[in-house]
Amino acid sequence: SGTNKWHGSAYEFFRPNFTTAKSYGFDGDYVPPSIYKQHNYGGTFGGPIIKDKTFFFVSYEGLYNANAYDYVYAVPPISQIKINPDGSVDLTGLVDPDSGKQIPIYDPAVSSACYGGCFQQISYNGVLNVIPPDRVSQAGVNTLLNFFPKPNLVGTHNGWYNNFAVHSPTDQHAKTADARLDQNFTGKDRVSAVFHYNDGDQLVTDPFHGATPVPGAGDADQANNQVNGDQEYSITETHLFNTRFINELRLGYTRYNLAQYSLLDGHDYSTQFGMGNIAVPGFPATDAYPYIYLGAGYLTGGSTYKPLYFKDRNWQLADNLILSGVGKHEFKFGADFRRLESNPNFSLFPTGFQYYGGAYLSMTSDWSYTSPLDDFSGATLYGTGGNDVADLLMGLPLDNYMGLQLTNPYTHSWEMDYYAQDTLKLTPRLTLNYGLRYEFQAPYTEQHNYASNYLPNPGNPSVGGQILLA
């Protein structure tokens, strides 16, 4: 912007998938052809509106990107687990990843009754390692069958690891636009108005894409569905007092929005598949499925923090002075004030986080460490028996976290800074820059006093304390 001639440009870049090589692989497994596509396009245009007075400039860029992640992953060895017609679960074929021997599954009810001082292998109709129907968690069975895929590779460690080939497509769109208008009122006054716009969305599918009865079942924060956008408006007035004294005044406004979703958000899978006490009426964030983490490293289910929303709005008023030609000095002074508003809306563990203990932590292991089947030689991963998959099938997580933000907070703050700077030209070949700057940002506060902290009683924390509102 700023010239009396029209000027512009246009461009396009396209990269089709058939020009992209396959991903590399060292284990001999099939690697699918690349789906990578990239498309960038845009242009610029500018020129005069009124000769020598008013000028404009605009630009636009679009982006489309499609790709896929291809790698080897791990899922539970479902072929070693048998769900019987009567509802019992047969784990006689569940073998240790390292030793290949059967993993003994112990009855946690017996272990709990003697405070971990005894053990008894679980059984049904006289058959060891079979979970009776009345001890089976239907939610756990549903999780295993509907939220995990079946292995599609032979795998390693007796089928426990490297047993699933992932093909996870991704998709990205972005739009960026800029506009500028310059107005020369006089030889000493110029006003510039600037607008920036950015908008985009991104979809990263889950590692189990297309391989589970529930679409997007393997999200577990490994996938992402995101929409974001921001806009910036500013007006700058530049005044030339004389050839040595210039002032620049700027007023700006910025708006930023971000929304992230789990692939399971918006559907109450918890109730549908028997996970009780998850969905809360009136709180859409609870309509999904718990985040499931098995100690062997298997992940599936919903998110630990999504849906997440950020809405930020910031105002800025800034002024800069330049005084040059004062001997060998050029002085700069300035101040900047900003009003900050933020609307963060998300919960930690809105649908729950369930961790099922792995080796030596399983609820179905030998808590007494005295079973003759225990193996502490290091040749067996599950040295005291028990297994995280068995814990899931019995509905016995080692840890369970849940949280829900009950309000929609609206926070605000402000910040200011001042500076003074001098550029001193000591010699034609030596310049010294020095200055001072002061910055301050006030703590964020919540408009309706919804933010609070608990202050324990310093004399006796068990008695109680105070809730401090902010």
| said: Do T384 and Y369 have side chains that approach each other closer than 4.5 Å (heavy atoms only, starting at C-beta)? | reply: yes

Q) Taking the side chain as C-beta and beyond, is there a heavy-atom pair between Y444 and L340 under 4.5 Å? A) yes

- Item | Side-chain donor/acceptor of N129 to backbone N/O of I105, under 3.5 Å | yes

Rounded to the nearest 0.5 angstrom, the CG-CG distance for L398 and D391 is 8.0 Å

Checklist line | Donor-acceptor pair between D366 and S371 side chains, under 3.5 angstrom | finding: no

Any sub-3.5 Å donor-acceptor pair from N163's side-chain atoms to G159's backbone N or O? yes

Under 3.5 Å, is there a donor-acceptor pair between the side chain of T364 and the main chain of N387? yes

Nearest heavy-atom contact between A296 and Y382 is CB-OH, 3.6 Å

Item to complete: Would you please classify the geometry between the F147 ring and the Y289 ring as parallel, tilted or perpendicular, with 30° and 60° separating the classes?
Response: parallel

- prompt: Do Q260 and Q226 have side-chain atoms, one donor and one acceptor, less than 3.5 Å apart?
  reply: yes

Check: Is it true that a side-chain atom of D388 and a backbone atom of G295 form a donor plus acceptor pair closer than 3.5 Å?
Finding: yes

CD (Q202) and CG (D171) are apart, to the nearest 0.5 Å, by 9.0 Å

Can we say D336 and R250 salt-bridge, meaning some charged N sits less than 4.0 Å from an Asp/Glu carboxylate O? no

Item to complete: Would you sort out whether W367 and Y106 count as a ring pair (Phe, Tyr, Trp, His ring centres under 6.0 Å), showing the intermediate values?
Response: CA-CA 9 Å; W367 300 356; Y106 296 95; over 10 Å; no

- Query: Is there a salt bridge (Lys or Arg N to Asp or Glu O under 4.0 Å) between R135 and D107 once you walk through the steps?
  - Reply: CA-CA 10 Å; R135 302 288 298 281; D107 191 335; 2.7 Å; yes

| query | Taking side chain as C-beta onward, heavy atoms only, is N224 less than 4.5 Å from L203? | reply | no

Practice prompt. Please step through ring pair (Phe, Tyr, Trp, His ring centres under 6.0 Å) for the pair Y233 and F195, ending with a clear verdict.
Written response: CA-CA 5 Å; Y233 309 82; F195 170 66; 5.0 Å; yes

**Asked** Taking the six-membered ring for Trp, are Y73 and Y71 parallel (under 30°), tilted (30 to 60°) or perpendicular (over 60°)?
**Response** perpendicular

**OP:** Return yes when atom OH of Y69 has more than 12 non-hydrogen atoms of other residues, nucleotides or ligands closer than 6.0 Å, and no otherwise.
**Re:** no

Q) Has the side chain of Q272 got a donor or acceptor atom that lies under 3.5 Å from a matching backbone atom of D268? A) no

No-hydrogen, no-angle side-chain donor-acceptor test under 3.5 Å, N17 and S34: no

inquiry  = Does T380 form a side-chain hydrogen bond (donor to acceptor under 3.5 Å, both in side chains) with D98? I'd like the steps, not just the answer.
reply    = CA-CA 5 Å; T380 301; D98 292 346; over 6 Å; no

Taken to the nearest 0.5 Å, the spacing of L153 CG from N162 CG works out to 8.5 Å

Backbone of N314 reached by a side-chain donor or acceptor of T254 within 3.5 Å: no

Under 3.5 Å: donor-acceptor pair, side chain of D375, backbone of S377: yes

D96 versus N158, side-chain donor and acceptor atoms under 3.5 Å: no

TODO: Report yes if the side chains of F349 and Y291 come closer than 4.5 Å at any heavy-atom pair, otherwise no.
DONE: no

| field | side-chain hydrogen bond (donor to acceptor under 3.5 Å, both in side chains) between N67 and T170, worked out | value | CA-CA 5 Å; N67 204 349; T170 68; 5.3 Å; no

- Item | Sidechain-backbone polar pair: S168 side chain, A68 backbone, donor-acceptor under 3.5 Å | no

For D201, the salt bridge (Lys or Arg N to Asp or Glu O under 4.0 Å) test, sequence neighbours excluded, returns none

inquiry  = If you count heavy atoms of other groups shown closer than 6.0 angstrom to CZ of F273, is the number above 12?
reply    = yes

| query | Quick one: are T92 and K82 in side-chain contact, heavy atoms under 4.5 Å? | reply | no

Item to check | Parallel, tilted or perpendicular, as decided by the 30° and 60° cut-offs, for the rings of F148 and F208 | outcome: tilted

Item to complete: For the pair N198 and D230, evaluate side-chain hydrogen bond (donor to acceptor under 3.5 Å, both in side chains) and give the outcome as yes or no after the intermediate values.
Response: CA-CA 5 Å; N198 181 56; D230 60 83; 3.3 Å; yes

Given 3.5 Å as the limit, does a donor-acceptor pair link the side chain of W160 with the main chain of A74, or not?
no

To the nearest 0.5 Å, atom NE2 of H448 lies from atom OH of Y410 at 8.5 Å

OG1 (T407) and CG (N345) are apart, to the nearest 0.5 Å, by 8.0 Å

OG (S112) and CE (M363) are apart, to the nearest 0.5 Å, by 7.5 Å

Are M416 and F337 close enough that some pair of their side-chain heavy atoms sits under 4.5 Å apart? yes

| said: Looking at D134, I'd like to know if its CG atom is crowded, meaning that more than 12 non-hydrogen atoms belonging to other residues, nucleotides or ligands lie closer than 6.0 Å. | reply: yes

Exercise. Look at the aromatic rings of Y253 and W315 and report parallel, tilted or perpendicular, splitting at 30° and 60°.
Key: tilted

The side-chain hydrogen bond (donor to acceptor under 3.5 Å, both in side chains) partners of T411 (sequence neighbours excluded) come to none

Legend entry - T205 vs H167 side-chain heavy atoms within contact, under 4.5 Å: no

- Return yes when atom OH of Y115 has more than 12 non-hydrogen atoms of other residues, nucleotides or ligands closer than 6.0 Å, and no otherwise. no

**Prompt:** Does the side chain of H173 come within less than 4.5 Å of L63's, by heavy atoms?
**Reply:** no

The residue among R313, R255, K311 that forms salt bridge (charged side-chain N to carboxylate O under 4.0 Å, His left out) with E341 is R313

Worksheet entry | Donor-acceptor pair between T351 and T286 side chains, under 3.5 angstrom | no

What is the ring orientation for Y41 with Y60, classed by angle as parallel under 30°, tilted 30 to 60°, or perpendicular over 60°?
-> tilted

Could you check N343 against N408 for side-chain hydrogen bond (donor to acceptor under 3.5 Å, both in side chains), going step by step and ending with a plain yes or no? CA-CA 8 Å; N343 178 209; N408 188 3; 2.9 Å; yes

*Donor-acceptor pair, D265 side chain versus S262 backbone, under 3.5 Å?*
yes

Worksheet item: Any chance NE2 of H196 has more than 12 other-residue heavy atoms, nucleotides or ligands included, within less than 6.0 Å?
Response: yes

